Participant: 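Below is the structure I would like to discuss, written out as structure tokens.
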Amino acid sequence: MKCCYRHPPGNEIYRTVVAEQSSVPSDNKQNGESTSGQSKLSEKGGSLQTLSVFEVDGQKSKLYGQNLCLLAKLFLDHKTLYYDVDSFLFYILTELDDYGHQIVGYFSKEKYSVESYNLACILTLPPFQRKGYGRFLITLAYELSKKEGKIGTPERPLSDLGQVSFRSYWGRVLLEVLRDHGGNLSIKVLQGTTHYLYFSKGD
């Protein structure tokens, strides 16, 4: 059966344009707006890559959500298959080419989590790893928590790869906080800062 979708069956909630083969930038514009850096790149004849994030409701696109879970199972040994995806939202990162939006990775989260989990499963497909997409997806999960006004944390237990990814992310964010404050922060103040970052105490 041939898939006729040119993009995931959900709402596009984010779009940016970056230099191809580069990692995801920290300073992005939504809705495909140009930046001065992009203009200079175009003048030099550089290649640009459009990245988008789609929010897919598992209840509205049940088969699509189930297929995403099956896809993740191919690469994640610890992945538990849930065929009832009605209670999950999927956030899918894509690269745009002549054939449409190609999936490079995604993460899922429960719509309503008593434990305040902001991420249930995360996957970056092997051909697109080491480009910053994993960190981008983790950042997006915490940004969504900020928008909801909730402290977020990934679902436990973390896989070995998940522990490496999240510890790297948490460490980098905290180092950025120390840099912004000139390194003059006590442990007590730093602990309070994690609440501002919407990290849980367990993180």
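Predicted model only: the values in this text are computed from it and were never measured.
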Participant: About how many Å separate CZ of Phe88 and SG of Cys121, when rounded to the nearest 0.5 Å?
Facilitator: 9.5 Å
Participant: Give the C-alpha distance, both sets of side-chain angles, the deciding distance and a yes or no for salt bridge (Lys or Arg N to Asp or Glu O under 4.0 Å) between Arg179 and Glu176.
Facilitator: CA-CA 5 Å; Arg179 178 199 64 195; Glu176 289 174 355; 5.2 Å; no
Participant: Sequence neighbours left out, what passes salt bridge (charged side-chain N to carboxylate O under 4.0 Å, His left out) with Lys111? Give chain and number order.
Facilitator: Asp57
Participant: Quick check: is Leu71 connected to Phe107 through a chain of hydrophobic side chains (ILVMFWY, heavy atoms under 4.5 Å apart)?
Facilitator: yes
Participant: With sequence neighbours left out, write down each residue that passes side chain to side chain contact (heavy atoms under 4.5 Å, CB included) with Lys62, or none if nothing qualifies.
Facilitator: Gln66, Val85, Asp86
Participant: I want to know whether Phe90 and Tyr64 have ring centres closer than 6.0 Å.
Facilitator: no
Participant: Under the rule for salt bridge (charged side-chain N to carboxylate O under 4.0 Å, His left out), what residues qualify as partners of Glu55, not counting sequence neighbours?
Facilitator: none
Participant: How would you list, by chain and number, every residue that makes a side chain to side chain contact (heavy atoms under 4.5 Å, CB included) with Pro126, sequence neighbours excluded?
Facilitator: Phe75, Gln129
Participant: For Phe166, which residues count as a ring pair (Phe, Tyr, Trp, His ring centres under 6.0 Å) partner, sequence neighbours excluded?
Facilitator: Trp170
Participant: Please list, chain by chain and in numerical order, all residues satisfying side chain to side chain donor-acceptor pair (under 3.5 Å) with Asp97, sequence neighbours excluded.
Facilitator: Gln102
Participant: With sequence neighbours excluded, tell me which residues meet salt bridge (charged side-chain N to carboxylate O under 4.0 Å, His left out) with Arg167.
Facilitator: none
Participant: Show me the pairs that pass salt bridge (charged side-chain N to carboxylate O under 4.0 Å, His left out) and involve residues 114-124, at least two apart or across chains.
Facilitator: none
Participant: Can you name the side chain to side chain contact (heavy atoms under 4.5 Å, CB included) partners of Tyr112, sequence neighbours left out?
Facilitator: none
Participant: Under the rule for side chain to side chain contact (heavy atoms under 4.5 Å, CB included), what residues qualify as partners of Ser52, not counting sequence neighbours?
Facilitator: Glu12, Arg15, Thr50, Phe54, Thr94, His101
Participant: What residues, two or more places apart in sequence or in another chain, satisfy salt bridge (charged side-chain N to carboxylate O under 4.0 Å, His left out) together with Glu148?
Facilitator: Lys109
Participant: How about Tyr14 and Glu143: does a side-chain donor come under 3.5 Å of a side-chain acceptor?
Facilitator: no
